[in-house]
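See below for the structure under consideration.
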Protein chains: 2
Amino acid sequence: MSENANDPRIVRTMHMLREALLALMEEQGFERITVKDITSKAGLNRGTFYLHYADKFDLLERITEEMMQGLRQIAQTFDPLDLVMHESRDTPFPFTVRLFEYFGEHARFFSVMLGPKGDPAFSVKFKEFMQVHLMDKFNEFHHSEDYVPVPWDYLMAYLISAHLGIVQYWLEQGRDYTPWDMALMFTRMTQLSPIQSAGLKK
Amino acid sequence: MSENANDPRIVRTMHMLREALLALMEEQGFERITVKDITSKAGLNRGTFYLHYADKFDLLERITEEMMQGLRQIAQTFDPLDLVMHESRDTPFPFTVRLFEYFGEHARFFSVMLGPKGDPAFSVKFKEFMQVHLMDKFNEFHHSEDYVPVPWDYLMAYLISAHLGIVQYWLEQGRDYTPWDMALMFTRMTQLSPIQSAGLKK
DNA sequence: TCATTAATCAACACGAAGTTTATTTTAGGA
DNA sequence: TCCTAAAATAAACTTCGTGTTGATTAATGA
């Protein structure tokens with residue numbers, strides 16, 4: 001395993017291995033892929049792979065960590081004031097718009113990883129991210145002593161999974177709406193009941 | 001590969017292989033499991049495995065198909081009249097209750113397959129099931145010419161993923177509520193907005 | 001230009017896959 | 001109870017991918 005030098009050969013090699021892995025995951029899913037597959041798709045020697053990564057799991061982890069890092073960076077720009085400002089208006093959170101832009105920029109990765117050939121552990125990572133950076137901001141509104149129609153933790157699981165589903169579907173459909181449109185959908189679906197969202201009531 | 005005889009030896013062997021696979025999936029996830037692992041956990045000869053299954057994928061597929069068959073059978077008992085009868089009442093659909101009972105009976109399988117060590121393709125299968133047997137029943141209410149706050153297909157993706165998330169969370173938590181409770185949550189969350197479900201409004 | 005280091009190439013031991021053949025064990029009817 | 005068909009075992013075997021090593025070639029950048 002090499003140090004993270006600025007050697008352009010290293011950068012180029014690692015990039016080609018990453019691209020090859022994503023391409024193969026789209027075709028076969030992670031399970032069936034061998035290191036031999038990856039290197040031959042990348043046009044590199046098999047031995048070269050082991051100069052940079054321990055195994056295919058390691059490679060996937062590094063890519064994943066990079067993407068999660070990007071998400072965390074966006075999350076830092078999140079201003080809780082947005083929640084108040086957009087509360088009752090029919091406008092999307094800028095933060096959510098930025099997230100969808102990021103998904104779009106890395107559509108290849110998210111599409112594969114959140115799709116049927118992907119890694120369910122990544123969905124979990126992604127849900128944890130939403131829990132920490134989106135849902136926990138609402139915790140101040142939650143008082144356990146009050147009666148609630150649905151337990152708080154189940155409501156969180158419901159919302160997080162619903163939002164994940166929207167992202168997945170959007171990527172599956174080839175991103176047929178703009179990030180702005182998608183963020184607006186999020187706002188509406190949070191404020192309306194499913195029946196209202198469908199336009200069946202009120 | 002053998003025919004589906006009633007030979008008790010076959011039944012016993014196949015059952016042991018299935019149980020061993022599920023146990024191993026809980027520990028390691030499907031990816032890392034070898035046929036050797038499965039047979040040694042089952043206390044069987046490795047060659048015996050190949051008398052019944054082509055490979056570990058085949059084994060998993062057969063288990064999955066059996067579970068999906070069980071779901072389809074429950075779906076047949078579904079009476080659309082229930083939807084009308086329970087529309088504005090605070091009671092669960094008997095159909096949904098029955099589904100949660102089934103998940104509970106096969107908690108081992110669903111917990112693994114829908115969890116972080118599972119198979120994302122199974123989640124897709126499961127979503128398709130919900131789409132066909134739950135969501136499509138609402139299609140008659142949908143008129144594409146009307147204005148709707150959220151596109152119909154995105155709303156479906158939202159609801160299906162949300163419901164899947166609830167099932168996943170329930171299994172993760174060790175089924176801390178009864179199937180009846182869970183079905184009631186479904187009803188409430190469909191009729192209320194997330195904000196109302198949280199008890200923050202009205 | 002030259003020292004450094006990445007990438008290639010070939011060889012290696014190892015382990016699991018999947019197959020085959022012979023042998024032992026088991027089920028269940030005569 | 002005995003006997004036969006078939007399932008399970010055991011042991012070999014080939015094939016393939018893994019991860020490592022050592023020698024060689026090619027690219028980088030000071």
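Only heavy atoms go into these numbers, but all of them, side chains included; no hydrogens, no water, no symmetry mates. Protein chains get the first letters and strands the later ones, always in sequence-line order, with residue 1 at the start of each.
- Here Phe57(B) and Phe30(B) bring their ring centres to under 6.0 angstrom of each other.
- Taking atom CD1 of Ile38(A) as the reference point, atom P of dT18(D) lies 8 Å away to the nearest angstrom.
- When atom types are taken as modelled, the side chain of Thr64(A) and the backbone of Leu60(A) share a donor-acceptor pair closer than 3.5 angstrom.
- Heavy-atom distances to DNA chain C give each of Pro8(B) and Gly43(A) a nearest nucleotide, and the one nearer the 5′ end belongs to Gly43(A).
- Straight-line distance from the CG atom of Asp7(B) to the C1' atom of dT4(D): 13 Å, rounded to whole Å.
- Checked against a 6.0 Å centroid threshold, the rings of His133(B) and Phe78(B) do not count as neighbours.
- Summarising the geometry, the separation between CZ on Arg32(B) and C1' on dG15(C) is reported as 15 Å, rounded to the nearest angstrom.
- Between the side chain of Arg9(B) and the base of dA27(C) there is no donor-acceptor pair of N/O atoms closer than 3.5 Å.
- The side chain of Tyr50(A) contributes no N or O atom lying less than 4.0 Å from OP1 or OP2 of dT20(D).
- In this structure, Phe100(B) has its ring center at least 6.0 angstrom away from the ring center of Tyr177(B).
- Look at CZ on Phe57(A): it is 12 Å from C1' on dT18(D), rounded to the nearest Å.
- Between Phe109(B) and Tyr102(B), the gap from one ring centroid to the other reaches at least 6.0 Å.
- Summary of helix geometry: the two end axes of the helix from dT1(C)-dA30(D) to dA30(C)-dT1(D), each defined by five base pairs via their C1' atoms, are inclined to each other by 30° (rounded to 10°).
- Atoms NZ (Lys36(B)) and C1' (dG17(D)) sit 17 Å apart, rounded to a whole Å.
- A sub-4.0 Å separation between OP1 or OP2 of dA8(D) and a side-chain N or O of Thr13(B) is present.
- When each of Ile33(B) and Leu44(A) is assigned the nucleotide of DNA chain C bearing its nearest heavy atom, the one mapping closer to the 5' terminus is Leu44(A).
- Taking the six-membered ring wherever Trp is involved, the centroid distance between the rings of Phe103(B) and Phe126(B) falls below 6.0 Å.
- Between Tyr169(B) and Tyr154(A), the ring center distance clears the sub-6.0 Å criterion.
- Summarising the geometry, the separation between CD on Glu31(A) and P on dA17(C) is reported as 11 Å, rounded to the nearest angstrom.
- Close to dG17(D), at under 4.0 Å from its OP1 or OP2, lies no side-chain N or O of Thr34(A).
- Atom CG in Asp55(B) sits about 20 Å away from atom P in dT15(D), given to the nearest Å.
- Rounded to an integer number of Å, the gap from Asn6(B) CG to dA7(D) P is 12 Å.
- Between Asn45(A) and dC9(C), a side-chain N or O to OP1/OP2 separation shorter than 4.0 Å is present.
- At a cut-off of 3.5 angstrom, counting only N and O atoms as typed in the model, there is a donor on one side and an acceptor on the other between the side-chain of Arg46(A) and the base of dG19(D).
- The phosphate of dA7(D) (OP1 or OP2) has no side-chain N or O of His52(B) nearer than 4.0 angstrom.
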